[in-house]
Asks: 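Structure in structure tokens, see below.
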There are 2 protein chains.
Amino acid sequence: MNQRAITGIETGEGLLAVDASTHYRFVVADDHPLFRGALKESIHNLFKSAEIFEAGGFDDLQTLLEREGDVDLVLLDLTMPGVRGFSGLLYLRAQFPGVPVVVVSANEEPGVIRRCMEFGASGFLPKTLGVETMRTAIRSVLEGGVWTPPDVDLSGGADEATRDLVNRLSTLTPQQVRVLMMLSEGLLNKQIAFELKVSEATVKAHVSAILQKLGVESRTQAVIAASKIETGQWPRPAN
Amino acid sequence: MNQRAITGIETGEGLLAVDASTHYRFVVADDHPLFRGALKESIHNLFKSAEIFEAGGFDDLQTLLEREGDVDLVLLDLTMPGVRGFSGLLYLRAQFPGVPVVVVSANEEPGVIRRCMEFGASGFLPKTLGVETMRTAIRSVLEGGVWTPPDVDLSGGADEATRDLVNRLSTLTPQQVRVLMMLSEGLLNKQIAFELKVSEATVKAHVSAILQKLGVESRTQAVIAASKIETGQWPRPAN
DNA sequence: ACCTGCGTCCGACGAAAGAATGATGTGGCG
DNA sequence: CGCCACATCATTCTTTCGTCGGACGCAGGT
């Protein structure tokens with residue numbers, strides 16, 4: 001299901017040459033300036049000659065990636081202004097398929113971690129992580145692998161319906177993901193067309209494709225489906 | 001904002017005659033048979049001659065209330081099959097305005113409790129509650145009052161937008177609530193008409209009314225709005 | 001070089017949604 | 001009783017949705 005595996009190739013650095021002297025380019029996306037700074041500092045210690053960009057919001061991140069082209073790694077906080085949970089990750093993966101994304105979050109629930117990986121994240125870093133482990137994790141990802149906290153159980157967990165939905169979502173093209181997110185904001189086809197600078201007919205074509213891929217019959221059902229992946233059906237704690 | 005206050009009147013028992021000998025009629029709605037039994041037992045100890053109905057699902061509850069007419073109190077678990085969180089409460093309150101509902105839940109977050117009360121619940125019982133406190137709570141509600149755990153802060157908390165939305169939702173008529181819930185399942189007007197055994201024109205009338213009351217422009221936006229009240233914008237702790 | 005698949009784009013057409021107006025019946029309430 | 005809220009339905013009209021068929025460009029494969 002996951003297209004992740006051969007990432008290191010696009011970096012042009014090769015799959016093996018991960019060391020402190022390589023000139024990597026990172027992006028740190030987090031709304032909290034303090035934590036952003038701390039993370040930046042940590043990376044600087046690990047990779048002396050690294051180039052580190054910062055983004056405080058999702059729009060920042062987007063324009064940054066468009067301007068800078070492919071970078072080697074994005075460290076993404078799931079809870080940023082303008083990001084509704086996993087949508088941001090999904091969007092990012094669709095828009096910049098070549099850029100590995102590591103999710104950084106205070107939330108360590110296994111369900112959240114698993115979902116991140118299903119949406120194509122290359123790793124998951126709890127904010128509580130120590131420097132040494134972080135180095136290991138980032139190296140692993142730069143080499144094209146993935147990294148998740150060692151003590152969590154990723155295997156089971158997701159119910160059938162959710163897993164199926166995630167699979168369907170991962171077949172959407174970048175443009176379709178954009179359209180789906182706009183659908184989820186309640187926009188009309190006309191408005192979406194304006195935003196994307198295409199004709200309304202095109203938007204309709206995308207919507208139709210989305211409906212087919214998600215296996216639903218109307219835009220409303222598509223929105224419902226998309227909203228389900230955010231909450232994960234509210235994974236109730238006991239009760 | 002809340003229409004709750006004068007409930008005891010409809011019971012015909014008067015506002016003051018709450019004692020162990022009165023023949024009250026309760027409904028215990030919980031999907032867990034064990035807990036349902038325990039709750040039933042507890043109530044029996046408090047009110048010897050009480051008549052207690054049980055419902056294991058939301059449909060059960062609904063048909064039960066339709067058959068038995070007004071009962072004195074419904075003890076409702078928020079997380080039942082066929083209930084998407086608060087929708088069940090909202091629906092219940094719209095469909096049977098005269099029946100006091102006490103929410104029983106393992107989830108004790110203040111936000112959840114507050115939202116329950118905003119949707120017209122007469123009380124909130126944490127599942128961890130002792131028998132004696134439960135007696136106090138139930139009495140209080142049977143007298144027409146409300147009861148919430150004493151140590152939680154109900155005052156602040158809700159952001160402006162959510163509060164506004166809750167207000168709007170509370171202006172919906174019972175039928176409109178039904179229609180809104182069907183909209184939230186992605187049904188077409190035609191399908192809703194069939195389910196409710198009314199004409200499509202009527203459904204359109206309801207939908208138009210819903211859109212106006214919620215202050216949105218399309219059915220999709222109405223669904224989005226309705227889904228927001230479930231998650232409460234997922235009020236994540238810290239991060 | 002050719003062909004095939006995929007993503008994006010577009011226009012036309014039938015179906016659904018939503019607004020507007022008006023009308024009827026019902027039940028509660030002063 | 002009149003008033004009002006609620007539910008019901010019809011009709012007309014405009015807008016929006018969604019499908020269908022087709023166009024183009026661009027990659028990969030033979």
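Residue numbering restarts at 1 for every chain, and letters A, B, ... go by the order of the sequence lines.
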Asks: Rounded to the nearest Å, what distance is computed from the CD1 atom of residue A/I210 to the P atom of nucleotide D/dC17?
Replies: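 After rounding, the reported distance stands at 13 Å.
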Asks: Whole Å only: how far is the CD atom of B/Q191 from the P atom of C/dA16?
Replies: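 After rounding, the reported distance stands at 10 Å.
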Asks: Tell me whether the OP1 or OP2 atom of D/dA5 has a side-chain N or O from B/T173 closer than 4.0 Å.
Replies: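 No, B/T173 has no side-chain N/O under 4.0 Å of OP1/OP2 on D/dA5.
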Asks: Atom NE2 in B/H206, atom CD1 in B/I192: separation rounded to 0.5 Å?
Replies: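 Here the rounded value is 10.0 Å.
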Asks: B/T202 side chain N/O closer than 4.0 Å to the phosphate oxygens (OP1, OP2) of D/dC9?
Replies: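 Indeed, a polar side-chain atom of B/T202 lies that close.
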Asks: Hey, does A/L214 have a side-chain heavy atom less than 4.5 Å from the side chain of A/L169?
Replies: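 Yes, side chains in contact.
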Asks: Thinking salt bridges, do A/E200 and A/K190 make one under a 4.0 Å N-O criterion?
Replies: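 Salt bridge: no.
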Asks: Are OP1 or OP2 of C/dA17 and a side-chain N or O of B/N189 less than 4.0 angstrom apart?
Replies: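 Answer yes for this pair, as a side-chain N or O of B/N189 is under 4.0 Å from OP1 or OP2.
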Asks: Could you give the CG-to-C1' distance, from B/L214 to C/dG18, as a whole number of Å?
Replies: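 In whole Å, C/dG18 C1' and B/L214 CG are 15 Å from each other.
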Asks: Rounded off to whole Å, could you give me the CG-to-P distance for the A/L180 and D/dC17 pair?
Replies: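 In whole Å, D/dC17 P lies 15 Å from A/L180 CG.
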Asks: Within the pair A/S199 and C/dC10, is there a side-chain N or O less than 4.0 Å away from OP1 or OP2?
Replies: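 A/S199 to C/dC10 OP1/OP2: side-chain N or O found under 4.0 Å.
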Asks: If you compare every side-chain N and O of B/S208 against the phosphate oxygens of C/dA20 (OP1, OP2), does one of them come in below 4.0 Å?
Replies: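 No, no such contact exists.
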Asks: Can you tell me how far C1' of C/dA17 sits from NE2 of B/H206, to the nearest Å?
Replies: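 To the nearest whole Å, that distance equals 16 Å.
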Asks: Measure from CG on B/L211 to C1' on C/dA17 and round the result to the nearest Å.
Replies: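 From B/L211 CG to C/dA17 C1': 10 Å.
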Asks: Rounded to the nearest Å, what distance is computed from the CD atom of residue B/E217 to the C1' atom of nucleotide C/dG18?
Replies: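 My rounded result for the distance is 11 Å.
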Asks: Quick one: does A/I224's side chain get under 4.5 Å of B/S227's, heavy atoms only?
Replies: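 Side chain of A/I224 against side chain of B/S227, heavy atoms only: no contact under 4.5 Å found.
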Asks: Can we say A/R163 and A/E118 salt-bridge, meaning some charged N sits less than 4.0 Å from an Asp/Glu carboxylate O?
Replies: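 Judged by the 4.0 Å cut-off on N to carboxylate O distance, A/R163 and A/E118 do form a salt bridge.
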Asks: Measuring from the side chain of B/A205 (C-beta onward, heavy atoms only), which nucleotide among C/dC9, D/dG18, D/dT8 has the closest atom?
Replies: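 In terms of side-chain proximity for B/A205, the closest of C/dC9, D/dG18, D/dT8 is D/dT8.
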Asks: Considering only side-chain heavy atoms of A/V198, which listed nucleotide, C/dT8, C/dC10, D/dT16, is closest?
Replies: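 Of all the options, the side chain of A/V198 is nearest to C/dC10.
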Asks: Whether B/S218 contacts C/dG18 is assessed here as follows: a side-chain N or O lying under 4.0 Å from the phosphate OP1 or OP2. Is that the case?
Replies: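 False: B/S218 side-chain N/O out of range (4.0 Å or more) of C/dG18 OP1/OP2.
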Asks: Write down the distance between NZ (B/K204) and C1' (D/dT12), rounded to a whole number of angstrom.
Replies: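 Distance, rounded to whole Å: 10 Å.
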